[in-house]
Asker: 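Okay, here's the structure, questions in a sec.
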Amino acid sequence: MTNPQFATVAVLGAGTMGAGIAQVCAQAGSRVVLQDITEEFTKKGLSRIQDFLQKGVEKGKVTEARRNEVLALVSTTVDRAAASRAADLVIEAVPEKLELKNGLFRELAGVVRPDCVLASNTSSLSLAKVFAGVSKPERCIGMHFFNPVPLMALLELVRTDSTSAATIDAVTAYSKQLGKEPIVVKDSPGFASSRLGVCLGLEAIRMVEAGVASAEDIDKAMVLGYGHPMGPLKLTDVVGLDVRLAIADYLTKELDHPGFKAPELMRRMVAEGKLGKKSGQGFYRW
Ligand code: CAA
């Protein structure tokens with residue numbers, strides 16, 4: 001491993017995204033502290049990393065030595081301040097609630113080192129609002145990862161009006177060490193990826209609602225006709241209907257565009273607990 005741009009990284013939130021982020025940072029040679037609010041959550045996050053690396057060993061993609069080397073760089077804690085105090089980079093991956101994210105960064109601004117870079121993994125919220133009131137806003141940036149984090153090549157970097165060129169340069173260099181291809185996007189609703197991806201997913205749901213074709217056939221149209229690795233309805237199941245509904249409502253409010261209006265079918269499925277892969281039922285049975 002070469003010297004990582006950020007030697008010590010704190011990842012706050014040990015869910016699917018947080019665990020994946022912690023894994024790729026450790027793979028780049030950073031010491032990583034993965035934090036969540038309960039030990040149950042941190043243990044689950046760590047097992048996700050262990051399972052992914054173990055599958056890699058079984059597939060012949062990862063050696064046992066490499067698995068052990070990566071795991072040795074990851075520790076867990078429930079203490080957010082302790083995780084962040086020594087960090088060169090803090091990446092937040094907590095639930096998509098503006099108040100939660102903003103409160104977290106306001107709290108951390110007084111704890112972290114002045115040169116610590118503060119990053120949010122939000123997929124669509126305004127970074128200006130996520131970082132509102134945080135001191136030294138030039139060190140604040142969006143680092144939007146994609147699921148499954150260890151396999152997806154893109155890293156969407158989101159700059160606010162205050163993000164410094166030095167912060168963008170450092171995070172761009174680190175993105176490459178993570179094995180990702182960075183793009184730099186202006187802080188705007190849904191950035192580049194969620195704005196386009198969610199729009200496609202919502203239109204596909206409207207087409208199911210209108211009886212244009214089955215979910216399977218609409219997905220096939222995009223997979224076989226457009227070369228997408230996964231159709232928009234299956235992807236909505238993987239991301240979670242509730243997650244995409246929240247983004248759709250947010251983008252409708254921010255962009256005033258009918259393409260983002262959530263279809264009734266989507267609201268009904270969420271109300272019935274059909275959230276996609278995580279609940280066992282969405283447009284597909286999992
Ligand atoms: N360790 C190491 N390598 C692994 C691995 C593991 N545990 N698991 C898989 N791999 C490797 C495989 O060996 C394979 O490598 P090769 O290409 O060299 O053969 C590669 O990774 C792909 O794996 P698979 O062949 O098992 O899987 P696949 O071809 O079906 O691809 C996928 C899986 C990459 C997830 C693909 O289905 C895909 O791209 N799906 C779309 C995902 C997507 O759109 N994600 C974005 C969601 S939106 C989001 O995340 C944003 C948000 O804010 C919510």
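These figures come from a predicted structure and were not determined experimentally. In each ligand, atom 1 is the first atom listed, and ligand 1 is the first ligand listed.
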Asker: Using the side chain to side chain contact (heavy atoms under 4.5 Å, CB included) criterion, which residues pair with Leu154? Sequence neighbours excluded.
Answerer: Phe146, Ile183
Asker: Give the residue and atom name of whichever protein heavy atom lies nearest to atom 7 (N) of ligand 1, and the separation in Å to one decimal.
Answerer: Phe52 O, 2.9 Å
Asker: Name each donor-acceptor pair under 3.5 Å that joins a side chain in residues 253-266 to protein atoms two or more places apart or in another chain, with its distance.
Answerer:
| unit_1 | atom_1 | unit_2 | atom_2 | d |
| --- | --- | --- | --- | --- |
| His257 | ND1 | Gly259 | N | 2.8 |

Asker: For atom 15 (O) of ligand 1, is some protein heavy-atom partner under 4.0 Å away?
Answerer: yes
Asker: Can you report which non-hydrogen protein atom sits closest to atom 24 (P) of ligand 1, along with the distance?
Answerer: Lys59 NZ, 4.7 Å
Asker: What atoms in ligand 1 come closer than 4.0 Å to a heavy atom of His144?
Answerer: 51 (C), 52 (C), 53 (O)
Asker: For atom 53 (O) of ligand 1, is some protein heavy-atom partner under 4.0 Å away?
Answerer: yes
Asker: Looking at Phe145, I'd like to know if the NZ or CZ of Lys180 sits under 6.0 Å from its six-membered ring centre while staying within 45 degrees of the ring's axis.
Answerer: no
Asker: Tell me the protein heavy atom at minimum distance from atom 50 (O) of ligand 1, and give that distance in Å.
Answerer: Asn147 N, 2.8 Å
Asker: I'd like to know whether Thr160 forms a side-chain hydrogen bond (donor to acceptor under 3.5 Å, both in side chains) with Thr163, so could you lay out the CA-CA distance, the side-chain angles of the two residues, the decisive distance to 0.1 Å, and finally the verdict.
Answerer: CA-CA 5 Å; Thr160 70; Thr163 309; 3.1 Å; yes
Asker: Within a 6.0 Å radius of atom CD on Glu216, are there more than 12 heavy atoms belonging to other residues, nucleotides or ligands?
Answerer: yes
Asker: Would you verify that at least one protein heavy atom lies under 4.0 Å from atom 3 (N) of ligand 1, or report that none does?
Answerer: yes
Asker: Test Asp36 against Lys44 for salt bridge (Lys or Arg N to Asp or Glu O under 4.0 Å), laying out the working first.
Answerer: CA-CA 10 Å; Asp36 211 316; Lys44 213 167 160 190; over 6 Å; no
Asker: Within the protein, is there a heavy atom lying under 4.0 Å from atom 9 (C) of ligand 1?
Answerer: yes
Asker: Hey, looking at atom 23 (O) of ligand 1, which of Leu235, Leu151, Val238 has the closest heavy atom?
Answerer: Leu151
Asker: Using the ring of each side chain (for Trp, its six-membered ring), is Phe105 parallel, tilted or perpendicular to Phe131, with breaks at 30° and 60°?
Answerer: tilted
Asker: Against heavy atoms of Ser123, which atoms of ligand 1 measure under 4.0 Å?
Answerer: 53 (O)
Asker: Is there at least one protein heavy-atom neighbour under 4.0 Å from atom 44 (O) of ligand 1?
Answerer: yes
Asker: Any non-hydrogen protein atom below 4.0 Å of atom 26 (O) of ligand 1?
Answerer: yes
Asker: Within the 3.5 Å criterion, strictly below it, is a donor on Glu96 or Thr122 matched to an acceptor on the partner's side chain?
Answerer: yes
Asker: I'd like to check which ligand 1 atoms, numbered from 1 as shown, lie under 4.0 Å from a non-hydrogen atom of Pro148.
Answerer: 35 (C)
Asker: Can you report which non-hydrogen protein atom sits closest to atom 38 (C) of ligand 1, along with the distance?
Answerer: Pro229 CB, 3.7 Å
Asker: Just which atoms of ligand 1 are under 4.0 Å from any heavy atom in Phe146?
Answerer: 49 (C), 50 (O), 51 (C)
Asker: When you measure from atom 29 (O) of ligand 1 to the protein, is at least one non-hydrogen atom found at a distance under 4.0 Å?
Answerer: no
Asker: Hey, are the side chains of Thr16 and Arg48 touching, using non-hydrogen atoms and a 4.5 Å cut-off?
Answerer: yes
Asker: So, for Leu89 and Cys116, which heavy atoms are closest and what is the spacing to 0.1 Å?
Answerer: N-SG, 4.0 Å
Asker: More than 12 non-hydrogen atoms from neighbouring residues, nucleotides or ligands closer than 6.0 Å to CD on Glu39, yes or no?
Answerer: no
Asker: Take Ile218 and Phe283 through the test side-chain contact (heavy atoms from CB on, under 4.5 Å) and record every step on the way to the result.
Answerer: CA-CA 11 Å; Ile218 291 168; Phe283 294 99; over 6 Å; no
Asker: Using a 4.0 Å cut-off to any heavy atom of Gly56, which atoms of ligand 1 qualify?
Answerer: 1 (N), 2 (C), 6 (C), 7 (N)
Asker: Does atom CD of Glu181 have more than 12 heavy-atom neighbours from other groups under 6.0 Å away?
Answerer: no
Asker: Do any N/O atoms on Arg244 end up under 3.5 angstrom from N/O atoms on ligand 1?
Answerer: no
Asker: Would atom 35 (C) of ligand 1 count as contacted, meaning some protein heavy atom under 4.0 Å?
Answerer: yes
Asker: Using a 3.5 Å cut-off on N or O atoms only, is Met230 in polar contact with ligand 1?
Answerer: no
Asker: Which of these, Val239, Asn121, Thr16, has its nearest heavy atom closest to atom 48 (S) of ligand 1?
Answerer: Val239
Asker: Give the atom numbers and elements of ligand 1 that come within less than 4.0 Å of a heavy atom of Lys55.
Answerer: 7 (N)
Asker: Considering non-hydrogen atoms of the protein only, which is the closest contact for atom 12 (C) of ligand 1, and what is the distance?
Answerer: Lys61 NZ, 4.0 Å
Asker: Do we see a donor-acceptor contact under 3.5 Å between the side chains of Thr8 and Arg31?
Answerer: yes
